[in-house]
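To find a chain, count down the sequence lines: A is the first, B the second, and so on, and within it residues start at 1. The figures here come from the full heavy-atom set of this structure, side chains too, leaving out hydrogens, waters and symmetry mates. No experiment lies behind these values; they were computed from the predicted model shown.
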Number of protein chains: 4
Amino acid sequence: MTTLRKASSNAARRSEASRQAILTAAFDLVNEVGYAKLSIEGIAARAGVGKQTIYRWWPSKGMVLFDAFLMLGEGSDGEAVLPDTGDLEADLKAVLRATVAELNDPRYDEPMRALNTEIMHDPALAAAYAERLDGPMKELKRQRLRDAQRAGQLADDLDLDVAVEMLWGPLLNRWLQRGGPLTSEYADAVVETALNGLRPRR
Amino acid sequence: MTTLRKASSNAARRSEASRQAILTAAFDLVNEVGYAKLSIEGIAARAGVGKQTIYRWWPSKGMVLFDAFLMLGEGSDGEAVLPDTGDLEADLKAVLRATVAELNDPRYDEPMRALNTEIMHDPALAAAYAERLDGPMKELKRQRLRDAQRAGQLADDLDLDVAVEMLWGPLLNRWLQRGGPLTSEYADAVVETALNGLRPRR
Amino acid sequence: MTTLRKASSNAARRSEASRQAILTAAFDLVNEVGYAKLSIEGIAARAGVGKQTIYRWWPSKGMVLFDAFLMLGEGSDGEAVLPDTGDLEADLKAVLRATVAELNDPRYDEPMRALNTEIMHDPALAAAYAERLDGPMKELKRQRLRDAQRAGQLADDLDLDVAVEMLWGPLLNRWLQRGGPLTSEYADAVVETALNGLRPRR
Amino acid sequence: MTTLRKASSNAARRSEASRQAILTAAFDLVNEVGYAKLSIEGIAARAGVGKQTIYRWWPSKGMVLFDAFLMLGEGSDGEAVLPDTGDLEADLKAVLRATVAELNDPRYDEPMRALNTEIMHDPALAAAYAERLDGPMKELKRQRLRDAQRAGQLADDLDLDVAVEMLWGPLLNRWLQRGGPLTSEYADAVVETALNGLRPRR
DNA sequence: TGATAACCGAGACGGTACGTCCTGTCTTACA
DNA sequence: TGTAAGACAGGACGTACCGTCTCGGTTATCA
């Protein structure tokens, strides 16, 4: 990879310091001033960088935001995995409660809304998001469900994608549309309802 | 109420023609140029209206969009109701397929994304949306589930809000984040999975 | 005159109270906010009057200002006359010093600049000014000079209009263009120089 | 001075083409549409320039106009001098007739009225005018009078400033206030009256 | 060990849109 | 009919950013 760097030739000279300053500034600024007032000009000024440096390396404001999120998750990469105590319901509740906590965290609220806004209007960014950020996370979730499925705790014919979306979709939606209080209790109710289904059991 | 109209006095002079022209222009424009390029200036020009007339009556671009959606649904109000053939699964599939069709309709895609974007960043607008647009729709959905519940087709202790969000949340989310193809088959899978639950049924 | 009022028919119903309020408001406002920020809207608001009432009775902002000046001079009309002590030079110095004092009076500075600005760009207003405000004043000045001429104190073939303008023109000009300090000494110097001429006497 | 240019640094990047386009547009426009309808927006559009480029370099519309006048006189600078044939009266008449012609020239009428209007309400602009435009012209006039004074054609104790203002003031004033026809005959009368004084000679 | 080419900060540039203010006209309700 | 009030279409204000550009200055590679 390092040797290939030279192949793309121009990227070699890219200033890592500027890149970091820009991403940090973008993330901080969106928090401070909100999505509506986030501007390339403001990011450049805050980062102590020329506007051209942003335009040179990123195709859109959304991509800057996207990279800022990527940078955040860079340290913890490794081989993250969802908890598996054997108690699927408890594990799912724990994970969904964590999701609720993150969505309610004021430090991430505005930046995540901003990123979602951009994704909503930019298919290219949506694809990048699906591949780089949401994809790995979703695979983890699918993996946990797959393990449970193998253990006979989930239906054999269960579509894991649908299952994941049925668990997280309601949360995401409540958060984006502010369609109700986003609490641990809600997370628990979603897990229970999803596992048991809407129909009466037996 | 009609007799009290005179009391509020100034709103009485409001031009209904301008109001309609603005809402129509807003809806049409967001479709043609996209959310990012939707401007108050553009709406005013398209509607043949002074900008001040927009600023006088609406607090934000999002509220204009919101009213434009309200206007759309004005004719069909009456006593809409979700289909009830007795076959809950079939009925839900029909309704979710209709939702999918609407979300995929290019005439509504951009306007709805635009509205959702504004909602995402404006709690006041989110509240208005929840009360005036989403609320009535959700009540219809809850009502259909309530009927099924009474008929013994749904669990007695089911939280209908959670149920509704578990059915529609995944669709909304796929659409907003473009997290996969939004097809009738997907709608069917969501209905089946939600009804049966993730766990093996005996 | 009173009887003819009704002949012009519509003017009969004109509200004198509104007229005075408007003129007073115009004069006061131009002083407070300056010519550049003087607006019909502002005058109407200050006068507690509808905008239409101004547009109905005055053709332009300049005419309102003009009438405001007319109103000021209404009380003192009668048969004003310039001092005539027999000492022409002393009399002229006194009058020009009075002019200087008036031009330096902060209460009249802005309003007079405003009026002059409008005159400068509106021939109709200029004509009205020449006839109703400047004309009578000029006639007084001419009259004083005419008396002096008859007494042999001024050249027989002197063009009194030229004489008046040579005395007051320099003052007006210094004031309008702020082309130097506008003092009593300057007024005296102008009188002396004008009376004696530029050439050496003998 | 040339070497210090780099020190002021940012002004170095100023676009000379834009500057000229703006000044030309301003001068032309004020002629075409008149002072009242002269707008920064209009100047920018006519010059093919962003509004910000005007706001960046000029503090007011008046200063733009002022610079436009400066630009006009730039070519002819050198060592202009008033005619000196030895016949002071003839020379002054020639110069005042030229002034009259210029004031009557429709190409300069509106622009000069506009500039004078701005000067009338902006002391800073008035100072700039006095120093850069009116000052040099006045010095020329004073110089011609000084030469005549040395030749014994003017009174020894004559205040040249007063003399200049007594010659040109009446013209300026007639022009600004449209206080009468501005003709060559008037110019001649002013010269004769000023030279001889109002009093009978002998 | 220069030459040279890309990056960098800075920020001017032509533009678009903002949200506000005012214009002159029109409409409503009252006296 | 005149009036206070104020909505209306329109247009300019002065500001903020957009995305492009040009300017010197600084690396970092190649001749």
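- Following rounding to the nearest Å, C:Y55 (OH) and E:dT27 (P) show an atom-to-atom distance of 17 Å.
- In this structure, the CZ atom of D:R56 is 11 Å from the P atom of E:dG11, given to the nearest Å.
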* Under the ring-ring contact (aromatic ring centres under 6.0 Å, His included) criterion, do B:Y129 and B:F69 qualify, and how do the steps go? -> CA-CA 10 Å; B:Y129 176 75; B:F69 271 86; 8.4 Å; no

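- Checking the phosphate oxygens (OP1, OP2) of E:dA12, no side-chain nitrogen or oxygen of D:W57 falls inside 4.0 Å.
- Between A:R19 and A:E16 a salt bridge is recorded (basic side-chain N to carboxylate O distance below 4.0 Å).
- One donor-acceptor pair, N or O on each side, does fall under 3.5 Å between the base of E:dT28 and the side chain of B:R13.
- Not one side-chain nitrogen or oxygen of B:S18 sits closer than 4.0 Å to the OP1 or OP2 atom of F:dA7.
- Put simply, CD1 on C:I54 is 14 Å from C1' on F:dG6, counting in whole angstrom units.
- Counting non-hydrogen atoms of other residues, nucleotides and ligands closer than 6.0 Å to CZ of D:R132 gives a total of 12 or fewer.
- When the C1' atom of F:dA7 is taken as reference, atom CD of B:E16 falls 14 Å away, rounded to whole Å.
- In this structure, A:K61 forms no cation-pi arrangement with A:F66, as its terminal cationic atom is not both closer than 6.0 Å to the ring centre and no more than 45° off the ring axis.
- Put simply, NZ on C:K61 is 9 Å from C1' on E:dC22, counting in whole angstrom units.
- The listed nucleotides are E:dC8, F:dA7, E:dG19; the one nearest the side chain of B:K51 is E:dG19.
- Heavy-atom distances under 4.0 Å link DNA chain E to C:S39, C:I40, C:E41 of residues 25-46 of chain C, given in residue order.
- Of the side-chain N and O atoms in B:W58, none sit less than 4.0 angstrom from OP1 or OP2 of E:dG19.
- B:Q52 contributes a side-chain N or O that forms a donor-acceptor pair with the base of E:dC21 under 3.5 Å.
- Seen from the ring of C:W58, C:R14 counts as a face-on cation partner, given the 6.0 Å and 45° thresholds.
- Nearest heavy-atom pair, A:M71 versus A:L23, reported as atom, atom and distance to 0.1 Å: CE-CB, 3.5 Å.
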* **Test log, rule side chain to side chain donor-acceptor pair (under 3.5 Å), inputs B:E118 and B:Y35** => CA-CA 10 Å; B:E118 298 287 351; B:Y35 170 72; 3.1 Å; yes

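- One interatomic measurement links the two molecules: CZ of D:R19 to C1' of E:dC13, which rounds to 17 Å at whole-angstrom precision.
- The residue among C:G48 and B:G50 whose nearest nucleotide of DNA chain F is located toward the 5' end is C:G48.
- Applying the 4.0 Å criterion to OP1 and OP2 of E:dC7, one finds that A:T53 has every side-chain N and O outside that range.
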